[in-house]
Amino acid sequence: MSESKGQFNSNIGFIMASVGSAVGLGNLWGFPYKMGTNGGFAFLLLYLILAVFVGASVMLAEFVIGRGTGKGPVEAFREIGQQYTFLGYFAVAASICVLSFYCCLGGYTIKYWTANLIAIFTHSGIFAVSDTATYFMDFVGSGLPAVVCTAVFIIINLVIVLGGVSGGIEKFTTIAMPALFVMLVIVIIKGLTLDGSSGGLLFMYKPHWEVFAGTGWVGVLASAGGQMFFSLSLGMAVMITYGSYLSKKESLVSNTVIVTICDTLVALMAGLAVFPAVFAMGFEPASGPGLLFITLQSVFNTMGAIGPIFGFLLYFLVFIAAITSSISLLEGQTSTLIDAKIRKGQPYNRTALAAIMSLVTLVTNTITTIDGLGTGPLPQPLGMCWLDFFDLLGEGILMPLGSLIVVALVGWVWKIDFIDKEVSIEGNQLHAKGFWNFCFKITAPLGMAMILLGQIDGFFGLGIFS
Ligand code: PHE
């Protein structure tokens with residue numbers, strides 16, 4: 001039996017889903033730390049410039065490709081021209097790679113919010129373990145318990161996607177995103193009112209203009225660019241897919257601007273939620289899993305009986321941010337399979353197709369989870385842990401390479417009219433056409449090339465940008 005592919009009921013639903021995709025682990029554990037260690041306010045300035053001159057055009061192009069064709073990534077590119085189909089495969093492959101570690105991390109968040117929730121109700125009201133580093137590494141290396149958390153995350157992901165575009169994704173994100181915002185504000189207020197929190201503000205915001213000295217700015221630009229790109233969920237079949245579910249009435253340019261601004265705001269808020277508390281409690285700033293699962297849990301442990309309440313709030317918030325990102329990845333993959341069936345004139349069953357992709361995800365995430373950030377028994381590809389390996393393939397290579405080709409095509413081959421034609425319908429207009437043209441021709445291809453080099457440099461430690 002075939003059902004229709006679905007549509008967002010409202011523009012606000014589309015925005016919530018897209019912002020939900022953009023706001024994820026990248027905002028919460030990547031951005032604040034990178035900002036703090038890469039020039040503070042100076043990093044923020046470069047980040048914003050890149051978002052305006054590179055990120056926004058890639059996002060607009062993806063919305064145009066999706067809504068213009070009404071299809072998921074592979075068939076959308078095929079419709080534009082058979083020879084471009086590979087770009088769709090690039091995006092879907094990148095999406096599979098990123099989802100291959102995202103659910104493992106999502107599983108960690110489940111472990112932590114449940115552990116803090118339990119601590120609220122146990123009579124001491126305090127998190128059971130004081131050595132948070134050992135607690136984390138024990139869990140990461142625990143094998144089955146960690147895989148169970150990963151599997152639960154994958155099942156929740158699947159259940160939401162099975163609800164469909166408007167009934168599942170739109171409904172869930174329309175409730176989850178405002179809830180996430182409220183939780184974030186509560187955690188920020190708590191953090192800022194702790195004694196000594198100003199150290200965290202200084203860490204993040206104090207400008208270090210010296211990062212611009214010599215060729216230093218190129219390295220910061222590359223790091224800000226990689227962060228921006230991942231954070232905006234670009235090059236991963238997500239914005240094309242969500243664009244294909246958007247009504248022709250809505251303005252693609254306004255939506256691009258809104259999603260970019262919201263994502264950046266939440267990244268800044270995440271820093272306010274995390275670092276003031278870290279500094280107030282006398283901990284060293286860190287990034288990635290260490291920041292989230294070790295440093296922050298230590299912070300909550302020092303808060304006494306209210307610690308688990310804030311621990312639960314924060315980890316639940318991170319879980320929500322992760323799940324609204326992972327559903328967008330699964331939806332992009334599912335819509336690709338649905339399109340393939342439609343093209344062949346075969347009937348399709350959304351449930352079965354989403355379940356197939358979830359099984360793939362379960363297999364790859366089991367590998368990532370058992371590898372336990374490189375501590376497990378599995379042989380390691382290229383001498384890196386499996387999480388880094390999937391990240392290298394997806395975020396490091398496929399995502400920026402595909403998008404570099406897309407923006408260069410828009411700028412030089414399809415030309416700005418390709419964008420204009422889809423934007424300027426039903427009374428909408430492509431304002432500032434000259435600006436967009438300039439971005440697609442010059443700044444976006446240059447920026448994407450730099451991001452690609454920066455990613456490869458970062459993964460292999462080549463030192464090109466240092
Ligand atoms: N933007 C998400 C984050 O910041 C990650 C993501 C990338 C989600 C690509 C979907 C597609 O964590």
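In listed order, ligands and their atoms are each counted from 1. Keep in mind that this is a model prediction, so the values were computed, not measured.
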Among protein heavy atoms, which sits nearest to atom 12 (O) of ligand 1, and what does the distance come to when rounded to 0.1 Å?
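Nearest protein contact, heavy atoms only, for atom 12 (O) of ligand 1 is Y102 OH, 2.6 Å.
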
Checking a contact table here: which protein heavy atom is nearest atom 7 (C) of ligand 1, and how many Å away?
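Closest protein heavy atom to atom 7 (C) of ligand 1: F230 O, 3.4 Å.
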
Classify the side-chain pair [X]/[Y] by whether it contains a donor and acceptor separated by less than 3.5 Å.
X	Y	value
S298	T132	yes
D371	Q380	yes
S100	N365	no
S10	E170	yes
T150	T369	yes

For [X], is at least one N or O under 3.5 Å away from an N or O on ligand 1?
X	value
A22	yes
L232	no
S21	yes
L329	no

Region of S328 engaging ligand 1 - heavy atom pairs below 4.0 Å:
side chain

Hey, is S233 touching ligand 1 through its side chain, its backbone, both or neither, going by heavy atoms under 4.0 Å?
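Answer for S233: both.
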
Any N27 heavy atom less than 4.0 Å from ligand 1:
yes

Parallel, tilted or perpendicular: ring planes of Y112 versus F293, cut at 30 and 60 degrees
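The arrangement is tilted - the two ring planes meet at 30° to 60°.
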
Classify the ring geometry between W113 and F319 as parallel (under 30°), tilted (30 to 60°) or perpendicular (over 60°).
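Judged by the thresholds at 30° and 60°, the geometry between W113 and F319 is tilted.
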
